[in-house]
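Within every chain, numbering begins at 1; the chains are lettered A, B, ... in the order of the sequence lines, protein sequences first and strands thereafter.
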There are 4 protein chains.
Amino acid sequence: MDGARIALIPLCKNEYIDEEDGDFTIPTSQFSSSLPPMQRPDEKKRRDIMKIAEAAFAARPFHEVRLEEIAARARIGKGTIYIYFRSKENLLVEILREGLGDLQASIERRLLQCPDESVAKLRAIVTELATFAISRPYMYSLVRSVLPRSCETGLSGIHKGIVKKIVEVIEKGVERGDFADTHPALTAHYLLGAVRGVAISGPGKLSAEEFAEHLMVVFGRGLCAREGASR
Amino acid sequence: MDGARIALIPLCKNEYIDEEDGDFTIPTSQFSSSLPPMQRPDEKKRRDIMKIAEAAFAARPFHEVRLEEIAARARIGKGTIYIYFRSKENLLVEILREGLGDLQASIERRLLQCPDESVAKLRAIVTELATFAISRPYMYSLVRSVLPRSCETGLSGIHKGIVKKIVEVIEKGVERGDFADTHPALTAHYLLGAVRGVAISGPGKLSAEEFAEHLMVVFGRGLCAREGASR
Amino acid sequence: MDGARIALIPLCKNEYIDEEDGDFTIPTSQFSSSLPPMQRPDEKKRRDIMKIAEAAFAARPFHEVRLEEIAARARIGKGTIYIYFRSKENLLVEILREGLGDLQASIERRLLQCPDESVAKLRAIVTELATFAISRPYMYSLVRSVLPRSCETGLSGIHKGIVKKIVEVIEKGVERGDFADTHPALTAHYLLGAVRGVAISGPGKLSAEEFAEHLMVVFGRGLCAREGASR
Amino acid sequence: MDGARIALIPLCKNEYIDEEDGDFTIPTSQFSSSLPPMQRPDEKKRRDIMKIAEAAFAARPFHEVRLEEIAARARIGKGTIYIYFRSKENLLVEILREGLGDLQASIERRLLQCPDESVAKLRAIVTELATFAISRPYMYSLVRSVLPRSCETGLSGIHKGIVKKIVEVIEKGVERGDFADTHPALTAHYLLGAVRGVAISGPGKLSAEEFAEHLMVVFGRGLCAREGASR
DNA sequence: TATGAATGAGCGTTCATTCAT
DNA sequence: AATGAATGAACGCTCATTCAT
């Protein structure tokens with residue numbers, strides 16, 4: 001049994017991992033990530049469903065969420081969900097795609113409006129992350145906790161896009177001598193992870209502003225090039 | 001055996017009769033302290049199951065993990081799992097409890113061995129977190145997968161214990177003038193979240209040492225009292 | 001739909017959040033009074049299932065009856081049973097409730113139509129009991145097969161109702177001097193037990209009429225006030 | 001669906017009934033009814049188990065009785081039961097066989113001691129039945145409620161033996177002009193059923209003597225030859 | 001002989017999904 | 001488009017039975 005060392009070393013971060021012997025083949029899920037956006041007879045109803053479902057998926061783990069319950073809460077028939085979404089998993093994916101898409105969009109919008117200065121850009125990102133974390137805290141709890149197969153669904157693309165944006169800002173700051181960081185990608189993950197950690201299990205009663213401010217203190221200093229007492 | 005008089009005298013005609021002592025829990029020895037050297041639930045087998053199951057739970061989301069498959073991989077009968085664990089959820093909880101418990105224990109051990117100095121203590125914690133993240137990355141991905149009910153399962157207690165340890169170190173550092181932090185609890189969550197983020201979706205090919213070192217740079221600076229250009 | 005504001009705002013970080021209204025029972029229409037002329041649970045199908053299941057429960061003991069088999073015989077899906085019945089036990093209870101209810105109803109109907117005379121009333125009851133025993137003999141064999149919990153299921157209520165009816169008739173007869181019986185409740189149980197005994201293990205090839213007639217002879221005499229050589 | 005009339009008319013009273021299409025073949029149970037009495041290493045322990053199990057089988061329906069519970073109550077290992085009994089069903093059969101055997105034996109003993117007179121003989125039987133019903137009321141609840149396949153187990157033989165004894169007494173009484181009964185076998189079933197009915201659901205607080213006395217009044221009169229106003 | 005850990009067939013039940021209306 | 005009754009594959013779990021000790 002000792003020889004049977006488990007081989008579940010994550011081959012590919014960012015994704016649920018497959019096993020050594022291939023027995024655990026992840027069934028190719030049935031969602032094309034790009035969206036020939038299905039006819040949406042009633043866009044408002046679609047949003048309703050997503051809103052209700054977001055709450056439900058946040059309230060309990062995926063396998064405990066019943067579509068019947070979502071339908072009942074949305075005051076529609078169970079079958080109706082299938083007019084707007086291909087499956088339960090697809091429903092969640094769409095919710096996350098939208099949520100992360102919103103976040104990505106608002107980060108990009110904010111960056112465009114902001115002066116081309118390293119700390120200001122960092123602040124722009126941090127502010128958006130904090131606002132998102134406070135206003136839609138459960139979005140975070142969904143991202144990876146329940147979601148396998150994020151590659152196929154295009155979600156990891158959005159996630160990577162956000163990471164990339166942060167990395168760019170840090171790298172630009174390093175170039176300019178404003179920041180000192182030997183591994184900006186790591187730092188980007190710190191930032192996202194930190195925000196997520198607070199969103200999920202952080203202290204209650206925290207305003208987005210306080211949160212952003214504190215993040216700026218810690219990460220601003222942490223990235224600051226001017227000195228470096230790490231010891 | 002004569003004293004064991006049966007108490008099932010029908011108290012009430014017309015109905016099946018209940019037993020004197022109500023719930024009569026069968027004294028399932030469940031690892032009872034000491035038994036005749038007969039067969040006993042096998043602690044090693046319990047660990048085997050947990051090891052296999054940890055891999056399975058890491059490989060796919062909770063609702064796609066089949067106990068039958070775990071049993072097959074562990075080369076035991078399906079029912080055997082239920083000798084050692086109350087339910088599928090309990091199995092996962094035990095895995096997490098053990099994992100988080102290990103982490104907590106190693107942090108505490110390391111803190112005891114380490115000089116009573118703020119940065120050294122921070123380093124001790126960071127080193128353990130990084131080591132854990134690299135060596136058991138999927139532990140992190142599990143934490144929220146069935147973690148509603150985390151209160152009842154005692155898991156959140158362990159998590160809080162770890163947070164508390166970090167907070168203590170930061171607060172002590174602040175008292176001594178080594179650290180500057182207006183909200184240590186937030187920072188503790190940043191640290192845990194950051195580690196988690198890297199464990200789950202961070203860049204591959206990262207050694208625990210590199211990881212710890214980089215964390216120390218960012219968070220060490222971020223906490224550093226000596227100056228503070230967050231702007 | 002705007003008023004249906006989602007209440008799933010995480011009240012408590014660090015834990016999956018519960019819903020405002022707790023148990024939120026889905027308004028499964030379960031034969032709700034009036035619905036748009038859409039599909040509705042089909043009362044006829046319910047009866048079909050009960051008919052098939054009655055046969056199955058009569059053919060073997062409870063724990064050997066397979067719902068899958070009942071479903072197959074009824075040519076429906078296994079899940080469909082659960083649309084109409086809460087559980088296997090509930091299915092049996094409903095069968096019994098209906099059966100005993102029928103018996104009770106037919107006894108009461110017959111009593112209303114019959115002249116207000118002691119022997120005639122006894123005959124009315126006996127006739128219905130005999131008819132029931134001959135036409136649905138397995139109903140009797142079911143009565144106690146899952147009848148712990150008979151209180152909770154309301155079955156014992158029906159049974160008691162029947163007993164009470166018989167007792168009333170006897171007591172009236174005693175009042176009038178037609179019957180002599182010091183313990184009518186006992187006699188009522190004799191009658192039911194006797195019928196049950198014959199239904200279950202009595203001689204075959206017995207018509208309801210013969211049976212009723214013979215019962216009348218034995219119990220008619222047994223109750224008769226006119227003389228009393230019990231010795 | 002109308003044509004699909006259920007064919008579960010009990011072909012053979014006294015046994016669970018098979019279905020028209022033979023799908024429901026009752027698995028030949030694995031107990032020889034006659035007893036090469038297996039080595040009984042410890043006869044006392046065997047009795048203990050039976051005593052405990054009798055209570056358990058009386059307390060809940062067959063399928064809810066756990067051998068583990070019986071073992072625990074008897075303070076023996078689960079496997080030990082299988083030293084004394086071939087299976088769970090066999091355990092129940094043995095309990096019933098013994099119980100009914102006791103009843104049969106005591107009836108026969110009493111009949112031998114009693115004057116050769118019709119009413120006295122009836123009284124002998126009734127007294128034993130009443131005593132049995134009062135002192136071991138749950139024996140009755142077991143006899144048919146849980147037990148399929150009684151033919152193969154030899155139980156129905158004992159039951160038939162008792163019926164036969166009663167029938168003999170009645171027939172002798174008829175021959176002698178003491179009793180009038182056109183169908184003694186039916187009456188025998190009445191008697192057994194009546195006793196069973198009282199044992200299971202009759203009024204509480206009834207002494208064996210009262211019970212026997214009342215039975216004699218009703219059945220004594222019911223069988224009495226001297227007159228016959230059943231109308 | 002006695003044990004109780006181990007087994008695994010087999011169950012009741014659920015719920016995402018389909019489809020007739 | 002909308003519905004919800006119907007489905008049935010697939011699950012978690014139980015427990016009578018076996019067997020190594």
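Applying the side-chain contact (heavy atoms from CB on, under 4.5 Å) rule to K78(A) yields the partners E68(A), A71(A); only residues at least two apart in sequence or on another chain are considered. R66(C) is linked by a salt bridge (charged side-chain N to carboxylate O under 4.0 Å, His left out) to nothing, counting only residues two or more places apart in sequence or in another chain. Applying the salt bridge (charged side-chain N to carboxylate O under 4.0 Å, His left out) test to R86(B) and every residue at least two apart in sequence or in another chain returns nothing. In terms of the side-chain contact (heavy atoms from CB on, under 4.5 Å) criterion, residue partners of E98(C) (sequence neighbours excluded) are, by chain and number, R47(C), M50(C), D102(C), R136(C).
Here the nucleotide nearest the side chain of I83(D), chosen from dT17(F), dT3(E), dA16(E), is dT3(E). Comparing dT7(F), dC13(F), dT18(E) against the side chain of Y82(A) picks out dT18(E) as the nearest. Listed candidates were dC13(F), dT7(E), dT3(F). Nearest to the side chain of T80(B) is dT7(E).
In DNA chain E, runs of at least 3 consecutive Watson-Crick or G-U pairs, each pair with both distances below 3.5 Å, span E:2-21 with F:2-21.
Taking both residues in full, the closest heavy atoms of L91(D) and L67(D) are given as CD2-CD2, 4.1 Å, listed atom of the first, atom of the second, then distance.
Between the CZ atom of R75(C) and the P atom of dG8(F) there is a distance of 13 Å, rounded to whole Å. If you take CZ of R86(C) and C1' of dT14(E), they are 16 Å apart, rounded to a whole angstrom. Rounding to whole angstrom units, CD1 of residue I49(C) and C1' of dA5(F) are separated by 12 Å. As a whole-Å value, the separation of F62(C) CZ from dC11(E) C1' is 11 Å. Rounded to whole angstrom, the span from the CG atom of D42(C) across to the P atom of dG4(F) amounts to 16 Å. Between the NE2 atom of H63(C) and the P atom of dC13(F) there is a distance of 23 Å, given to the nearest Å. For the pair N90(D) CG and dA16(F) P, the computed distance is 14 Å after rounding to whole Å. Following rounding to the nearest Å, R66(C) (CZ) and dG12(E) (C1') show an atom-to-atom distance of 10 Å.
K78(C) contributes a side-chain N or O that forms a donor-acceptor pair with the base of dT13(E) under 3.5 Å. Below the 3.5 angstrom threshold, one finds no donor paired with an acceptor across the side chain of K88(D) and the base of dT17(F).
Contact annotation: Y84(A) side-chain N/O to dA2(F) OP1/OP2 distance is under 4.0 Å. Contact check, K45(C) against dA6(F): a side-chain N or O comes under 4.0 Å of OP1 or OP2.
Residue order along DNA chain F, read from the 5' end via each residue's closest nucleotide, puts E68(B) first among E68(B) and V65(D). Comparing G79(D) and L67(C) by the nucleotide of DNA chain E that holds the closest heavy atom to each, the one mapping nearer the 5' end is G79(D). Each of G77(C) and S87(B) lies near DNA chain F, and the nucleotide nearest G77(C) is the one positioned closer to the 5' end.
Using a cutoff of 4.0 Å between basic side-chain nitrogens and carboxylate oxygens, K44(B) and D48(B) are scored as salt-bridged.
Ring orientation note: the planes of F57(D) and F62(D) are close to parallel, at an angle under 30° on the 30°/60° scale.
I81(B) comes within 4.0 angstrom of nothing in the nucleic acid, heavy atoms only.
For the pair R60(C) (side chain) and V65(C) (backbone), a donor-acceptor distance under 3.5 Å is absent.
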